[in-house]
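Shown next, in structure tokens, is the structure this report addresses.
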Amino acid sequence: MTKTNPGRFFEDYSIGQVIDHAVPRTVSGGERALYHALYPARHALYSSDAFAQACGLPASPIDDLAAFHVVFGKTVPDVSLNAVANLGYAEGRWLKPVFAGDTLRSSSEVIGLKQNSNGKTGVVYVRTRGMNQRDEVVMEYVRWVMVRKNNVDAPAPEPVVPDLAKVIDPADLVIPDGLDFSDYDYTLAGEPHRMADYEVGEVIGHVDGVTIEEAEHMMATRLWQNTAKVHFDATFRPDGQRLIYGGHVISMARALSFNGLANAQMIVGLNGGAHANPCFSGTTVKAWSEVLDKAETAAPGVGAIRLRLVAVSDASVGELKGEDGKYLPQVLLDLDYWALMPA
Amino acid sequence: MTKTNPGRFFEDYSIGQVIDHAVPRTVSGGERALYHALYPARHALYSSDAFAQACGLPASPIDDLAAFHVVFGKTVPDVSLNAVANLGYAEGRWLKPVFAGDTLRSSSEVIGLKQNSNGKTGVVYVRTRGMNQRDEVVMEYVRWVMVRKNNVDAPAPEPVVPDLAKVIDPADLVIPDGLDFSDYDYTLAGEPHRMADYEVGEVIGHVDGVTIEEAEHMMATRLWQNTAKVHFDATFRPDGQRLIYGGHVISMARALSFNGLANAQMIVGLNGGAHANPCFSGTTVKAWSEVLDKAETAAPGVGAIRLRLVAVSDASVGELKGEDGKYLPQVLLDLDYWALMPA
Amino acid sequence: MTKTNPGRFFEDYSIGQVIDHAVPRTVSGGERALYHALYPARHALYSSDAFAQACGLPASPIDDLAAFHVVFGKTVPDVSLNAVANLGYAEGRWLKPVFAGDTLRSSSEVIGLKQNSNGKTGVVYVRTRGMNQRDEVVMEYVRWVMVRKNNVDAPAPEPVVPDLAKVIDPADLVIPDGLDFSDYDYTLAGEPHRMADYEVGEVIGHVDGVTIEEAEHMMATRLWQNTAKVHFDATFRPDGQRLIYGGHVISMARALSFNGLANAQMIVGLNGGAHANPCFSGTTVKAWSEVLDKAETAAPGVGAIRLRLVAVSDASVGELKGEDGKYLPQVLLDLDYWALMPA
């Protein structure tokens, strides 16, 4: 019997199966500093303890996307080691901020299975939860991936496709305890725009761009203990290129979006997302956003803004899909999320 | 109205204007570790809590230049986003060590303005101060940059050129509370040379060299939240090169100067500096120093040494300017600073 | 007199000489995070405070190899700056875990000297000890290097070759205070295999590979304050290549060995090691292990497993030396160590 992990194949999943993922991780100021070294992240709430405290939090949390990457990374050996494609996200919610010193682990439940008509692959839907050392759920999301079958003769399971919300109802967003934007300091935050200044349908080009290096995306991906070979091993793909972890593009685009959305401080909901085209080293990533919706919250001075965040490999703004309904070749990422900002 | 920051142009500045810069930052052991990963920094006071405590400090501070980079980085979106050139520094003083857990922000006052004769650009002088979470000024410096005009028809302001000290009077240097080199451990520090062993005019070639990679200078520059596009975006310059942040060269040269100046522990004064030639990835940076002056301080066993630190792209030592008075092509940096060392 | 450090030459060493190395270092969560960003390290005991506490430790220690690199790095300016080759290791033992906040320094005693027959070089044997801020020895090892003579006319010393153990007796391994694997969580650790599941002679191919970038190995090597020019300066070698620090390959291979040896948690003994072939940027490093021995320990549920860890530049598994007794060209590292795992 081999002792190495071959990963799970499509026929290894069953509805209701719960997989507790390995390698819990304690985060510290080190992960925070690296996040800021890898991405041009400037949202003040994640940069300054004093700013976070003025907003009612005990300290500056680890970036929401860093928490996501840690939770996600643990699922890779169990969920996507043999994945052909990462197909989508839904119903993502951040439930508790993560602070330096917290230890995260994650667990996934199989909620959907559908074999493809080619008989060689199938789609697996999992709901993943990240827990801290007090067993509090800090975030959850649904993700579905196309996974290869190892034994093509294995019988197809009864198809189950979960009914997933297209958008999280703003009433279901969880606002961190104590969050209060009543005395928000726009000068320290970097921009004067509150939610009332944004209009649904407004498109914002974030101007700045970053050319990605191999060392950077590999350091990021390792930091989240994501083990997928395709990100690290230049001999793995026939073309010798290392595919950049989609989460690296998410964090890069989100950080670039500071320029125009500096006050969209906390991410609390992930409605959906597509890695529209693969990204490789040498690409200059830019980003644009579109305001999709706005909502009130119960927290003082805190509004929820729904944003489309698009990462592109050129300077285009506002162009997403072609006449054929397919993503344009320069689109790397199309993400739909809820953020909290001063109302 | 666009929500992204176009940066200020020459006509947007006025004498006496105070700009509070955005994005305060809490530093931790993460920033310390990254500083040591990015530069071959070995000065013991910044490497070991135990060594710093033996010198009378409560703990090992964040490197003085890291504190400078954090304070400086915040000024970029307000001061140098449209800068054509970073022209000089003066009257820089470190007033309080910065420790892990401190939160830094910065503020600049416009102290000089002079439109250039071409009518298209002008020189802006700012005095920048960095403050910690107790509103204590941790450092201050004057910097002047050449900035483009957006509207070339805007009237030229009354020229004001501040009268800046060529050299900080050693009596004005601020010695950190408690600093005491009476029981200095030269073995742990790495070299036996005290200030008395150095002669004014002495030139020291620091021997070692480091070839710079794109990923490194970009990680450093992001870590200090410096947003200037020219450092990150390979499509920004016509030649496709990313200009290395001048501060990266400063820190590299200072770290290399350990070999010969291991006991020049703390930087307390910045008399002046010029980024003599641009630096790009692939350059092997070496450094040499010249002893410019020496002075006593009131602290026990602590002397102040004035040093010229020169970064070069070859192995030359002691050669600075040509017969035309211009910097030689291999000179990347010419920095004039005061450091504290055992007397 | 020059103030820079030329390093010691063969004739500068004498038997019994003790060298206290410079630049003590305090480690923090920053070093931990960087270790995880630089290597695909996933052993749970070094990733999670909660997991380490469940195993009886006060917190998750700094990776054993990171502690080794810190202790080793300090020796470079005194031992191997003029080394032609790093010849071997023996009698390495980890005696105390290192935790965030600890300050390490190191000291070496010359225990062997043998001039080579060519009269130009000689072999220096040192026993190095790393101490924490409480003067407790945290690790020790013997290393021997070939060092150039500066003055080829210097007389050869009386040859002294120390009698070094080929293998550390398992009774001499030091188990960290409190370590207890009785309630070991195999799910969180990532694999179900306990020591009883491994057979002496078993070979494990670790499957995954990582292609190394210049920025990564230089950041790692600087982080450990290793100053050897050959790792950083592309102008140093005639071929323009930067030799990768052998310790970088050790850490990479050890991290890759998680896949198949996830429960070989703590390294407590280093029996020997050879950097079989040089490694350069662009190499895709893979690894395989061979079980060499197993032993009981006095700690509850804790066994000691002796492993050969081999790093290779291709996908070969189990092939070490050719018919000529020399390492095959793809072998980068051959390391022999003791690790602790659930019995």
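Being a predicted model, the structure only gives us computed values, none of them experimental. Below, read A as the first sequence line, B as the second, and so on, with proteins coming before strands; counting in each chain starts at 1.
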Problem - Smallest separation among heavy atoms of A/A215 and C/A215, with atom names - result: CB-CB, 3.8 Å
Handout entry: Heavy-atom pairs under 4.5 Å with chain C, option from A/M218, A/R105, A/H231 with the top count
Key = A/M218
Exercise for the section: Counting only heavy atoms closer than 4.5 Å, note whether C/A50 contacts chain A via side chain, backbone, both or neither. Expected result: both
Exercise for the section: With a 4.5 angstrom heavy-atom cut-off, could you sort out which part of C/A41 is near chain A: side chain, backbone, both or neither? Expected result: backbone
Handout entry: Largest heavy-atom contact set with chain C, pairs under 4.5 Å, which of A/E214, A/K229, A/R222
Key = A/R222
Handout entry: Salt bridge C/K286-A/D233, side-chain N to carboxylate O under 4.0 Å
Key = yes
Handout entry: Closest-packed option against chain C by number of heavy-atom pairs under 4.5 Å, given A/D20, A/L104, A/L34
Key = A/L34
Handout entry: Sub-4.5 Å side-chain heavy-atom contact between C/S48 and A/R25
Key = no
Fill in the blank from the handout: Closest non-hydrogen contact found for C/H193 with A/K3 is NE2-O, 3.2 Å
Exercise for the section: Check each of C/V210, C/V285, C/I212 against A/F232 using the side-chain contact (heavy atoms from CB on, under 4.5 Å) test, and report the only one that passes. Expected result: C/V210
Handout entry: Side chain / backbone / both / neither for C/D185 at chain A, heavy atoms under 4.5 Å
Key = neither
Handout entry: Atom CG of C/D197: over 12 foreign heavy atoms under 6.0 Å
Key = yes
Handout entry: Selection from A/E31, A/E216, A/R32 maximising heavy-atom pairs under 4.5 Å formed with chain C
Key = A/E31
Fill in the blank from the handout: Rounded to the nearest 0.5 Å, the OG1 atom of A/T227 sits from the CZ atom of C/F258 at a distance of 8.5 Å
Problem - Close side-chain approach of A/H21 and C/T187, heavy atoms under 4.5 Å - result: no
Handout entry: Any side-chain heavy-atom pair of C/I204 and A/T4 under 4.5 Å
Key = yes
Exercise for the section: Return the option, out of C/Y39, C/Y46, C/Y186, with the maximum number of heavy-atom pairs under 4.5 Å with chain A. Expected result: C/Y39
Handout entry: Side chain to side chain, A/Q133 and C/D49, heavy atoms closer than 4.5 Å
Key = no
Fill in the blank from the handout: Given C/G29, C/A100, C/G260, C/A37, the one with more heavy-atom pairs under 4.5 angstrom with chain A than any other is C/A37
Exercise for the section: Check C/A33 against A/G30 and note the closest heavy-atom contact, atom names and distance. Expected result: CB-C, 3.4 Å
Practice task
For the pair A/N5 (side chain) and C/N259 (backbone), establish whether a donor and an acceptor sit closer than 3.5 Å, ignoring hydrogens and angles.
Solution key: no
Handout entry: Atom group of C/T284 that falls short of 4.5 Å from chain A, counting heavy atoms
Key = side chain
Handout entry: Structural part of A/S28 lying under 4.5 Å from a heavy atom of chain C
Key = side chain
Exercise for the section: Answer yes or no: is there a side-chain heavy-atom contact under 4.5 Å between A/R242 and C/E213? Expected result: yes
Exercise for the section: Assess whether side-chain contact (heavy atoms from CB on, under 4.5 Å) is satisfied between C/L188 and A/V23, documenting all intermediate values. Expected result: CA-CA 5 Å; C/L188 285 181; A/V23 191; over 6 Å; no
Practice task
Could you tell me which portion of C/Y198 (side chain, backbone, both or neither) has an atom closer than 4.5 angstrom to a non-hydrogen atom of chain A?
Solution key: both
Practice task
Find the one option among A/A220, A/A22, A/P24, A/P6 whose heavy-atom pairs under 4.5 Å with chain C are most numerous.
Solution key: A/P24
